[in-house]
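Data block below; observations after.
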Amino acid sequence: MNQPYILSFPPIGDASLGYLSVAQQLSDVPFEIARVYWTYYTPQDVTRGGHANIDKELVLVAVAGTITVTTEMQDGHKHTFVLDHPSKGLYLPKLCWHTMQYSENAVQMVIASNLYSEDDYIRDYSLFKSWQ
Ligand code: TYD
């Protein structure tokens, strides 16, 4: 689907022992996983993101805290998603402009379909809108 959508990583376990969630490539996550990175200690008044990736799909997970993500596709479709549970993820397709804001102590895990390359980023909004 060429729009962002919420994914579920069902909790395994119970309240007495705690829980575990799994993100397996090509099943829980709709692509082959090339890279995982995480962001933390982001001040609450900071907005991260503000870019799109030309050839990279992502899944964002708030493994702790709450993350509010805004997305916009080139067709103008805008959404706001709230990641507020470690069993929830957000799939971002290629060419999806996104921003993220974080609650105190939020930790964001990012699962990426490709290796990091700055050449893959569009950081200029007008360029994003006109990119073909
Ligand atoms: P960026 O992807 O813009 O972070 P966010 O979407 O959370 O705002 O990356 C922030 C900085 O980190 C940027 O200078 C690029 C650098 N970076 C790496 O060096 N390696 C990586 O694997 C990633 C994802 C980013």
Side-chain angles (χ1 to χ4, degrees):
M1 194 196 303
N2 197 34
Q3 291 289 335
Y5 60 89
I6 291 290
L7 290 171
S8 173
F9 303 109
I12 299 167
D14 59 46
S16 65
L17 288 174
Y19 299 93
L20 176 156
S21 282
V22 180
Q24 185 167 309
Q25 63 182 353
L26 301 176
S27 51
D28 308 292
V29 169
F31 51 74
E32 288 191 36
I33 296 170
R35 190 167 171 83
V36 175
Y37 54 95
W38 47 100
T39 59
Y40 42 93
Y41 303 159
T42 308
Q44 280 182 267
D45 58 353
V46 165
T47 300
R48 292 189 65 118
H51 52 73
N53 291 98
I54 299 164
D55 189 29
K56 183 159 58 185
E57 298 162 86
L58 302 173
V59 169
L60 312 185
V61 181
V63 290
T66 298
I67 306 174
T68 303
V69 187
T70 70
T71 63
E72 180 176 349
M73 299 303 293
Q74 283 185 302
D75 63 9
H77 276 96
K78 295 182 186 179
H79 293 283
T80 300
F81 298 93
V82 177
L83 300 175
D84 55 3
H85 197 274
S87 66
K88 215 169 166 181
L90 175 62
Y91 169 74
L92 300 180
K94 296 173 186 178
L95 289 171
C96 176
W97 187 268
H98 56 284
T99 71
M100 301 81 75
Q101 284 180 298
Y102 302 83
S103 69
E104 193 184 1
N105 296 328
V107 179
Q108 172 189 247
M109 178 174 69
V110 182
I111 303 167
S113 67
N114 294 77
L115 300 183
Y116 168 71
S117 164
E118 190 56 37
D119 293 343
D120 186 56
Y121 281 73
I122 306 174
R123 295 188 184 275
D124 180 276
Y125 181 76
S126 324
L127 183 60
F128 161 69
K129 290 299 276 185
S130 61
W131 189 269
Q132 296 199 7

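It should be emphasised that the depicted structure is a prediction, and the values quoted were computed from it without experimental measurement. Indexing begins at 1, ligand by ligand and atom by atom, following the structure's order.
Heavy-atom proximity to atom 6 (O) of ligand 1, evaluated over His98, Glu118, His51, is greatest for His51. Evaluated by nearest non-hydrogen atom to atom 4 (O) of ligand 1, the leading choice among Arg35, Arg48, Met100 is Arg48.
A donor-acceptor pair under 3.5 Å is absent between the side-chain atoms of Glu57 and the main chain of Ser113, judged by distance alone. Asp120 places a side-chain N or O within donor-acceptor distance of the main-chain N or O of Asp55, the cut-off being under 3.5 Å.
The shortest contact between atom 24 (C) of ligand 1 and any protein heavy atom is with Tyr37 CZ, 3.4 Å. Looking only at protein heavy atoms, the nearest one to atom 13 (C) of ligand 1 is Arg123 NH2, 3.9 Å. Protein heavy atom in closest approach to atom 23 (C) of ligand 1: Tyr116 CD1, 3.4 Å.
Shown here for Pro10 and Ser21, the closest heavy-atom pair between the two residues is O-OG, 3.7 Å. The two residues Leu83 and Leu60 have their closest heavy-atom pair at CD1-O, 3.6 Å.
When Tyr125, Trp131, Tyr121, Phe128 are each tested for a ring-ring contact (aromatic ring centres under 6.0 Å, His included) with His51, only one passes: Tyr121.
Residue Tyr121 has at least one heavy-atom neighbour below 4.0 Å for each of these atoms of ligand 1: 1 (P), 2 (O), 3 (O), 24 (C). Taking every heavy atom of Gly49 and a limit of under 4.0 angstrom, the matching atoms of ligand 1 come to 5 (P), 6 (O), 8 (O).
Atom 2 (O) of ligand 1 lies below 4.0 Å from at least one non-hydrogen atom of the protein. The presence of a protein heavy atom under 4.0 Å from atom 11 (C) of ligand 1 is ruled out.
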**OP:** Would you please test Thr70 and Thr80 for side chain to side chain donor-acceptor pair (under 3.5 Å) and show each step?
**Re:** CA-CA 4 Å; Thr70 70; Thr80 300; 6.0 Å; no
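Within a 6.0 Å sphere centred on CD of Glu118, other residues, nucleotides and ligands contribute more than 12 heavy atoms.
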